[in-house]
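This is a predicted model, so every value here is computed, not measured. Side-chain atoms are counted along with the backbone in the values below, which use heavy atoms only and exclude waters and symmetry mates.
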Amino acid sequence: METIPLRRRILDTIVRKSTLKQKVFDNTFWAFNLLKDTLLEMASEMDDELDGKLDRRVRIEYRDRGKFEAQLQVANDLLIFQMHTDVFEFDASHPVWQTPYVQADRENSYCGVINIYNFLSDSFKFNRNADEGYLIGRIFINRERRYFAEGKRQTSLRAMDFGRDEIDREALIPVLESAIAFSLEFDLLMPPYEGNKRVTVDQFNTKMDNSKFVTGKRLGYDFDVEDI
């Protein structure tokens with residue numbers, strides 16, 4: 001039986017994987033731009049629906065932060081959507097491997113990812129660079145534009161249903177609404193007293209600027225991922 005030379009196997013792998021990963025990247029980038037358009041529409045719609053019902057200082061505002069990042073400010077919360085430029089495969093314990101879709105073709109498991117982070121809007125307003133944000137959701141897209149979401153309150157399409165639906169605007173809306181709803185209910189907790197009862201003069205003097213004080217919704221507490 002003739003064996004394939006190692007050099008040829010290397011070149012064949014480069015061609016196969018680079019083509020696959022480029023397709024996944026292109027689909028993820030397409031989905032991210034669709035997500036941006038959807039966020040802009042949602043922000044405009046919500047702003048119109050809330051007109052006259054809120055203090056004018058309460059904002060619902062969309063902002064494009066570049067090719068791979070966008071944000072939505074909803075009152076005191078800031079949701080940042082970030083597309084990773086790399087393509088990933090899942091670890092052996094991930095439930096995606098149990099789906100007939102991936103079992104039929106392993107290449108279906110390669111995905112791009114859009115991360116959803118929750119920050120306090122004041123963290124950016126006052127340049128509090130040490131403040132903490134939280135990853136509250138992720139959207140995965142593969143070479144066939146099939147998708148699934150995981151994260152806080154994300155129930156629209158779980159990993160076990162991967163391969164069933166393509167990503168589109170109608171699929172994005174419940175994912176985005178779930179992320180917004182969770183961030184609004186994910187309240188800022190006062191940090192534990194024991195962790196903040198001592199401060200030196202030097203620390204206090206260097207933190208006189210409000211931006212130097214570290215803040216996060218669960219600062220000093222565990223951020224559970226029980227429903228991811």
When hydrophobic residues are tied together by side-chain contacts of less than 4.5 Å, even through go-betweens, does Val113 share a cluster with Val87? no

Any non-hydrogen side-chain atom of Glu150 less than 4.5 Å from a side-chain atom of His94? yes

What heavy-atom pair brings Asn27 and Glu144 nearest, and what distance separates the two atoms? ND2-N, 3.8 Å

Connected via hydrophobic side-chain network under 4.5 Å: Met160 and Ile139: no

Does the distance from a Lys or Arg side-chain N to an Asp or Glu carboxylate O, for Arg8 and Asp12, drop under 4.0 Å? yes

Starting at CG of Asn118, measure out to CG of Leu72 and round the result to the nearest 0.5 Å. 11.0 Å

Could you state the interatomic distance from CG (Leu34) to CZ (Arg145), rounded to the nearest 0.5 Å? 9.0 Å

Option passing side chain to side chain contact (heavy atoms under 4.5 Å, CB included) with Thr38 (candidates Leu172, Val175, Asn33): Leu172

Please name the residue in the list Tyr147, Phe162, Phe148 that meets the ring-ring contact (aromatic ring centres under 6.0 Å, His included) test with Tyr101. Phe162

Show, in sequence, the C-alpha distance, side-chain angles and deciding distance for Met83 and Glu69, and conclude whether the side-chain contact (heavy atoms from CB on, under 4.5 Å) test is met. CA-CA 6 Å; Met83 174 189 155; Glu69 199 169 296; over 6 Å; no

Take Ile141 and Ile114 through the test side-chain contact (heavy atoms from CB on, under 4.5 Å) and record every step on the way to the result. CA-CA 8 Å; Ile141 303 101; Ile114 299 171; 4.0 Å; yes

Residue pair Phe140, Phe88: steps toward the side-chain contact (heavy atoms from CB on, under 4.5 Å) verdict: CA-CA 9 Å; Phe140 297 95; Phe88 297 88; 6.0 Å; no

To the nearest 0.5 Å, what is the distance between CG (Asp161) and CZ (Arg146)? 12.5 Å

On a heavy-atom basis, the closest approach of Ala179 and Ile136 is O-CD1, 3.7 Å

Name all residues meeting the salt bridge (Lys or Arg N to Asp or Glu O under 4.0 Å) criterion together with Lys36; count only those two or more places apart in sequence or in a different chain, and write none if there are none. Asp64

Within a strict 4.5 Å, meaning less than it, do heavy atoms of the Gln71 and Tyr117 side chains meet? no

d(Glu185 CD, Asp77 CG) to nearest 0.5 Å is 11.0 Å

Does the ring of Tyr110 carry Lys17 above it, NZ/CZ under 6.0 angstrom from centre and within 45° of its axis? no

How long is the gap from CD on Gln73 to CG on Leu79, to the nearest 0.5 Å? 10.0 Å

Indicate yes or no for a side-chain donor-acceptor contact from Thr19 to the backbone of Val15 under 3.5 Å, with no hydrogens or angles considered. yes

Tightest non-hydrogen contact, residues Ile14 and Ser18, listed as O-OG, 2.5 Å

For the student: nearest non-hydrogen atoms of Val102 and Ser109, plus distance: CG1-CB, 3.8 Å

Would you call the rings of Phe119 and Phe124 parallel, tilted or perpendicular if under 30° counts as parallel and over 60° as perpendicular? perpendicular

Treat each ILVMFWY residue as a node, draw an edge where side-chain heavy atoms are under 4.5 Å apart, and state whether Val24 and Phe32 are in one component. no

Restricting to non-hydrogen atoms, name the atom on Trp97 and the atom on Phe90 that form the minimum distance, rounded to 0.1 Å. NE1-O, 3.3 Å

Quick one: salt bridge (Lys or Arg N to Asp or Glu O under 4.0 Å) partners of Glu61, sequence neighbours excluded? Arg59, Arg63

Should Arg65 and Gln82 be marked as a side-chain contact (heavy atoms from CB on, under 4.5 Å) after you check the CA-CA gap, both sets of side-chain angles, and the distance that decides it? CA-CA 9 Å; Arg65 294 168 57 100; Gln82 177 256 339; over 6 Å; no

Closest non-hydrogen atom pair between Pro95 and Ala159, with its separation: CG-CB, 4.1 Å

Between Asp122 and Asn76: side-chain donor-acceptor atoms closer than 3.5 Å: no

Mind checking whether Leu35 and Ile173 sit in one hydrophobic cluster, side chains of I, L, V, M, F, W, Y counted as touching below 4.5 Å? no

At what distance, to the nearest 0.5 angstrom, does CG of Leu20 lie from CZ of Arg106? 11.0 Å

